[in-house]
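Before any comments, here is the structure.
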Number of protein chains: 2
Amino acid sequence: MPALLPEIDLDARDCQSCPIRHRAVCARCEADELEHLEQIKYYRTYEAGQPVVWAGDKLDFVASVVSGVATLSQTMEDGRTQMVGLLLPSDFLGRPGRSTASYDVTAVSNVTLCCFRRKPFEEMIRSTPHVAQRLLEMTLDELDAAREWMLVLGRKTAREKIASLLAIIARREALLNLDPGRSVTRMELPLTRESMADYLGLTIETVSRQISALRRDGVIVLEGKRTVQIPDFDRLLNETGDDMDGGVLI
Amino acid sequence: MPALLPEIDLDARDCQSCPIRHRAVCARCEADELEHLEQIKYYRTYEAGQPVVWAGDKLDFVASVVSGVATLSQTMEDGRTQMVGLLLPSDFLGRPGRSTASYDVTAVSNVTLCCFRRKPFEEMIRSTPHVAQRLLEMTLDELDAAREWMLVLGRKTAREKIASLLAIIARREALLNLDPGRSVTRMELPLTRESMADYLGLTIETVSRQISALRRDGVIVLEGKRTVQIPDFDRLLNETGDDMDGGVLI
DNA sequence: GGCATGCTTTGATCCAAATCAATGCTGTAG
DNA sequence: CTACAGCATTGATTTGGATCAAAGCATGCC
């Protein structure tokens, strides 16, 4: 079945009505700066499961994720792979100053990117402080997230890893939906078991077993394989091994 | 014994003769910008083993490491700790826009920092594109390093982890010494076994065993506990599990 | 319907690294 | 000199997660 593609109208190129206008790399731009960005931008869409780019390939744009979920991952020669980033709406893809992709990028759901041609975008970083500042801020946030993840990968048990992943997805979901609370009670997992395993440095069997265990213990309630209910968010946080009240720096 | 502290003269505050002048956050500054930086900078030194700051504490400066080695680490309530960064000379410490430390920072050797008062430095980021650009570049490099490390933590065996750590230290050492080749054959480990374990997500026993194994197999030669000779750098790279010719991006 | 195909779950077994436990080495203090 | 403190090494045993293996369960196709 051909995926029912973009939910947003690709011809509605008006940044003003863009769902990520105030969180993406363009967040700080003034009207005139936005106009400049509009001139170098174009949209691309990818179907769920499709590769966006492979590590080492030429990538002559940078982009904001408008909708959908993509993953960044690294693969060793023998096939072991580790996911190193999860790109949700408003996240930035690509590295200014580098013309090839550093990681494999895969669309895990249908994805819409707002792409900027690399050269003019790099020029804009030099000329438009609002873009450079926002990009620095976003990069620092990603660095914090990567370091938080290093703790997960290096020191947490399988059960804590699963709980941490669910907590992170729930938090980001809540943020996107502009939920008032810190969490949602029901969410759709954007990842397959295999992606979860690659993110957590586990095998799919272990992921499956630990999810079953959390379900048995009443920490989560499954509705089908992809939808998760979290009856008590604090209970879940407790399972992550983190301080109850912190976890995410910010 | 009171440590024989700074090797550089703290009164020689001239940026022009600074050993990290062309690699630190100030690398791109023009003479006049450097003068501005000089006005907001001061030096601090820490003895080996001393904490620089604890996570959550107030930190009203950002800084460049001038000499020595410091670590960034996170600790869980039950004591499990994970190192999330290694600060070598020219590396940047602190996050503009944040007034508290996100991680525990510890001097593992005698360390000299070139500190900038936070407020004026933040102002400079806004007013001096050369500083903001360099900081963005350095942050992107750190993000790449953190992601490379995620692969190490999530997917590599203990032996591969040790080899990866040695390779990274050797590479950075070579860079600092401006060695022509890609590697040095002899180096001083800046870390104790415990720090290595915290970096690699292992126990000290496993670190010790794997180092012994690499020695037995002739991959490394130990001179005392802290000095390592690498007779064949490609052999070591082979043990990391990475592509022989890549490993580090860029 | 019947039958692949692709995910997911569950069970049995194995093994790499953790844990528990000495012992060794080096430098400092008495 | 001995004693002690603080790493580091090595050995014995345990264990959490990997691996190997077999179903289970949708979904789509013939």
Side-chain angles (χ1 to χ4, degrees), chain A residues 1-4 47-50 76 78-82 106 108-109 152-165 188-217 220 222-228 239 241, chain B residues 1-3 48-50 76 78-82 106 108-109 152-165 188-217 220 222-228 239 241:
Chain A
M1 180 211 309
L4 53 149
E47 290 187 42
Q50 292 305 110
M76 295 170 66
D78 61 4
R80 282 176 282 176
T81 87
Q82 175 64 53
T106 311
V108 291
S109 67
V152 173
L153 290 174
R155 293 301 187 189
K156 290 195 178 180
T157 65
R159 185 181 172 101
E160 289 170 338
K161 284 179 174 182
I162 297 287
S164 299
L165 180 60
E188 192 80 7
L189 291 182
L191 302 174
T192 63
R193 296 287 182 266
E194 186 175 19
S195 304
M196 293 174 134
D198 285 345
Y199 204 8
L200 297 167
L202 298 172
T203 58
I204 57 171
E205 293 95 328
T206 299
V207 169
S208 185
R209 271 187 257 272
Q210 295 300 332
I211 288 182
S212 298
L214 288 174
R215 176 172 46 68
R216 260 197 309 280
D217 298 345
I220 59 177
L222 293 180
E223 303 172 16
K225 294 179 191 315
R226 289 297 199 90
T227 305
V228 177
E239 295 284 355
Chain B
M1 181 211 312
Q50 291 305 111
M76 296 170 67
D78 62 4
R80 283 176 282 176
T81 88
Q82 175 65 50
T106 311
V108 291
S109 67
V152 173
L153 290 174
R155 293 301 188 191
K156 290 194 178 179
T157 64
R159 185 181 172 102
E160 289 170 338
K161 284 179 174 182
I162 296 287
S164 299
L165 179 61
E188 193 80 7
L189 292 182
L191 303 174
T192 64
R193 296 286 183 267
E194 186 176 18
S195 303
M196 292 188 187
D198 285 346
Y199 205 7
L200 297 167
L202 298 171
T203 59
I204 56 171
E205 294 95 326
T206 299
V207 169
S208 187
R209 271 187 257 272
Q210 295 300 333
I211 288 182
S212 297
L214 288 173
R215 177 171 46 68
R216 260 198 309 282
D217 298 345
I220 59 176
L222 292 180
E223 304 170 15
K225 295 180 193 311
R226 288 297 198 91
T227 305
V228 177
E239 294 284 354

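Small disclaimer: the values here were computed from a predicted structure and weren't measured. Residue numbers start from 1 in every chain, and the chains themselves are labelled A, B, ... in the order their sequence lines are given, proteins ahead of strands.
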| Roughly how far, to the nearest 0.5 Å, is the CD atom of E160(A) from the CD atom of Q210(A)? | 10.0 Å
| query | How many angstroms lie between atom CD1 of I211(B) and atom CG of L189(B), to the nearest 0.5 angstrom? | reply | 6.5 Å
Gap between atoms [atom1] and [atom2], on [X] and [N] respectively (whole Å):
X       : N       : atom1 : atom2 : result
R226(B) : dG27(C) : CZ    : P     : 13 Å
R193(B) : dC7(D)  : CZ    : P     : 13 Å
L222(A) : dT10(C) : CG    : P     : 10 Å
E223(A) : dT8(C)  : CD    : P     : 17 Å
I211(B) : dA17(C) : CD1   : C1'   : 15 Å
M196(A) : dC7(C)  : CE    : C1'   : 13 Å
E194(A) : dG6(C)  : CD    : C1'   : 11 Å
L200(B) : dA18(C) : CG    : P     : 10 Å

| task | Evaluate whether atom CD of E194(A) has more than 12 neighbouring non-hydrogen atoms of other residues, nucleotides or ligands under 6.0 angstrom away. | result | no
| note | Whether each nucleotide of nucleotides 10-22 of chain D has a protein heavy atom under 4.0 Å at its base (B), only at its sugar-phosphate (S) or at neither (-) is summarised, 5' to 3', as BBB----SSBB--
| task | Have a look at the helix from dG1(C)-dC30(D) to dG30(C)-dC1(D) and give the angle its two end axes make, five pairs each, rounded to 10 degrees. | result | 10°
| When you measure from the side chain of R155(B) to the backbone N and O of T81(A), does any donor-acceptor pair fall under 3.5 Å? | yes
| Polar side-chain atom of S208(B) near backbone of I204(B) as donor-acceptor pair, under 3.5 Å | no
| Pick from K161(B), R193(B), R209(B): which one makes a side chain to side chain contact (heavy atoms under 4.5 Å, CB included) with L202(B)? | K161(B)
